[in-house]
Amino acid sequence: MESALSEVERQPSIADGAVRRLDPRVIPLEQLTGWIVTAVVSLVLFFIGATTLLAAPLPSWVKLAIPIVWMGVTVALGWWLQRWPQIHYRYASYIVDAVGIEIREGVVWREVINVPRSRVQHTDVSQGPLERRFGIGTLIIHTAGTEDAIVALHGLAHETALAIRDHLLPREGSDAV
Amino acid sequence: MPSDRRLHPYSLLFGLGKELRQFLIPGLVVLVTAGTAGGDWQAWTLLFLIPYGAAVVIRYAAFRYRYEERELVIRTGFIFRNERHIPYARVQNINAVQNVLHRMLGVVDVHIETGSGQEPEAKMSVLPLDALEEMRRRVLGDRGETAAGPGEAVAQGETALQLLHLSPRELALSGFIDNRGLVVVGAAFGVLYELGLIDGLVNRFVGEQDSGRGLVRQIIRSVFAGGSLPIGRIMLMLGAFAAFLGLIRLLSMIWAVIRLYGFTITRAGDDLRTEFGLLTRVATTIPVRRIQTLTVREGPLHRLFGRVSVRVDTAGGDHKEQGVTQREWLAPILPRANLDTFLRRVQPELDLPAVAWRGVAPRAARRAFVRATVVVSVIALPFWLWPSWWDVAVWVAMIGWAAVVARKTVKHLGWSTTANAVWYRSGWIWRQMSVARFAKIQVVAMHESPFDRRTHMRRVRVDTAGAGDALHHIHIPYLPRETAVDLYDALAASAGGTAFKW
């Protein structure tokens with residue numbers, strides 16, 4: 001118990017009540033995911049378009065339009081999925097203090113959500129394979145609520161996520177029994 | 001070494017019944033539709049019975065329990081063995097359910113509830129009645145005064161206070177208002193329709209072959225083609241429909257009386273004990289601290305008779321148990337005048353007359369109206385393909401109605417915070433009011449949609465445990481921005497400052 005305490009004292013506290021942004025590395029991560037999604041969607045549309053082109057008897061202007069539409073959709077989707085992570089990053093932030101955690105997210109539909117420490121049932125920190133490459137982790141907070149039984153914060157640096165998790169977990173002698 | 005006890009041998013019967021219940025509907029369908037098609041189905045049912053029967057027997061044989069000094073030990077399973085220790089101190093309630101068959105055979109279905117949803121609990125189906133008594137004596141010991149069995153005398157301690165007792169007349173009224181029989185009857189109606197019995201009945205009355213099914217098609221055809229409507233037959237079908245609705249109400253009333261017969265709720269210490277049931281006798285205990293959200297409902301029929309109904313969401317104990325549901329009646333029906341006293345007796349903090357209701361932003365009515373108009377217009381879109389004066393008139397009338405509903409609904413929106421709870425009421429025709437104590441708030445959130453942003457409003461949302469199938473959540477819309485922020489901060493601070501105990 002004592003060594004755990006001194007270790008906590010040694011680390012700079014995450015629970016300082018300051019407004020923090022997500023880790024900037026989440027932007028290239030999301031953009032990479034965006035490329036993958038664009039590639040998959042583009043491939044699927046390509047097959048659909050190719051089969052329609054070859055199989056169905058259509059007027060020639062439609063046959064010309066199909067590849068143009070496909071290219072347009074691919075470019076638009078690719079561009080949007082590169083742009084969105086930057087926009088989303090600007091509008092996401094969180095605050096950790098002694099009482100709990102508050103998460104702000106959302107660009108068009110905005111939401112602030114507050115989870116007191118005494119309401120945290122347990123927490124997970126998860127990392128997918130891509131996230132591991134970028135050093136990003138997702139903090140998943142389980143509460144006793146119904147709509148907010150799971151509150152997830154994606155895009156934290158892995159160490160930060162671990163620090164927040166340690167802070168949120170009830171320690172010995174806490175009042176959350 | 002304390003001796004191992006087993007469940008009553010009748011558990012085999014009940015266990016088999018439970019397993020086979022899932023085959024009841026398909027079995028009935030097979031029986032009915034096969035008709036005289038062959039005797040093979042007897043062999044098939046036998047085949048089904050064997051593995052399930054074996055499973056039930058093995059489960060029965062492997063279930064043993066014994067009373068240790070401080071805990072109850074339950075062992076289950078042959079291949080996957082499990083030993084569960086339930087300390088007596090952790091046991092909150094021992095609930096007992098008895099349906100007609102249980103009562104005839106002198107056994108009871110026992111459910112042990114502990115403090116939280118995560119801790120061990122036990123379901124014992126079925127135990128003999130004296131084993132239940134022994135369990136109560138050993139496990140609850142001195143705390144036994146808060147646990148009464150089905151059919152036992154209610155008041156044992158001087159602190160027991162009867163909050164509500166419903167006579168069969170009140171229960172019939174509750175059934176009439178709530179109309180819960182619809183699902184059962186609807187299902188039966190569906191089956192009968194499939195079997196062609198409805199056609200036969202109607203044929204006898206009307207003497208035509210396709211009176212039921214073709215009627216709607218005919219009506220639509222005649223409306224669009226401009227022909228004459230079959231008035232006579234419409235009247236007949238409307239009459240039959242009305243009679244059908246009346247029948248459903250009657251069945252609902254009978255169902256309510258049977259299901260909730262002798263509904264009594266008593267407060268003993270920190271527990272609310274409810275007892276009800278004619279055929280299936282249920283005695284449950286709701287510790288008051290397990291109440292997460294309390295909702296008072298008042299529909300138009302309620303208002304007609306001057307009644308309300310009160311439900312609670314509870315959490316803690318076994319969430320998945322079907323017999324003891326999470327959404328529980330505190331009062332299926334209650335005279336409106338008694339509501340204040342009732343709430344105060346359930347929990348002294350629930351002081352309804354002291355609530356200072358606050359409204360929402362002034363522009364909310366306009367927003368609600370715009371929203372309703374959009375919905376109405378979208379629904380009416382197909383009709384704009386063949387517009388006629390009649391369609392336009394209907395559309396305008398619906399928009400007028402939407403304006404009235406929007407204004408009235410927003411006027412009835414109200415919220416408030418008292419010293420320990422947040423209150424929220426909504427609805428114009430169907431009114432609901434929910435209250436959640438600060439200690440039960442899990443998560444507080446504030447939303448802003450783009451429409452909110454334009455009108456400087458926000459929505460505050462409070463999440464509690466066990467609100468899964470609740471119809472009314474504490475989501476307060478159309479709050480002015482500063483008010484929303486203040487409310488959000490206050491609720492977050494209150495939730496953070498209180499401990500949450502299951």
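As the structure is a prediction and not an experimental result, all values here were calculated from the model. Within every chain, numbering begins at 1; the chains are lettered A, B, ... in the order of the sequence lines, protein sequences first and strands thereafter. Both backbone and side-chain heavy atoms feed into the values below; hydrogens, waters and symmetry mates do not.
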Are more than 12 heavy atoms, taken from residues, nucleotides or ligands other than A:R133, located less than 6.0 Å from that residue's CZ atom? no

Min side-chain heavy-atom separation B:R461-A:E147 under 4.5 Å: yes

Find the distance between CD (A:E111) and CE (B:M446) and round it off to the nearest 0.5 Å. 10.0 Å

Counting N and O atoms only, with roles assigned by atom type, does the side chain of A:R119 sit under 3.5 Å from a partner on the main chain of B:G496, one being a donor and the other an acceptor? no

Under 3.5 Å donor-acceptor, B:D463 side chain and A:D148 backbone: yes

Does B:R366, at its CZ atom, have more than 12 non-hydrogen atoms belonging to other residues, nucleotides or ligands within less than 6.0 Å? no

Heavy-atom pairs under 4.5 Å with chain B, option from A:T143, A:N114, A:I103, A:I113 with the top count: A:N114

Any ring-ring contact (aromatic ring centres under 6.0 Å, His included) pairs touching residues 30-74 of chain A, not counting sequence neighbours? A:F46-A:W70

Measuring heavy-atom distances to chain A, does B:R459 have an atom under 4.5 Å in its side chain, in its backbone, in both, or in neither? neither

Max heavy-atom pairs within cutoff under 4.5 Å with chain A, candidates B:P450, B:A445, B:A492, goes to B:P450

Short question: side chain of A:T146, backbone of B:T464 - any donor-acceptor pair under 3.5 Å? yes

With a 4.5 Å cut-off on side-chain heavy atoms, are B:R453 and A:V108 touching? yes

Closest heavy-atom pair and its distance - B:Q442, A:A144: OE1-CB, 3.3 Å

In terms of heavy-atom proximity below 4.5 Å to chain B, should A:V99 be classed as side chain, backbone, both, or neither? side chain

Taking everything shown except A:D124 itself, do over 12 heavy atoms lie less than 6.0 Å from its CG? yes

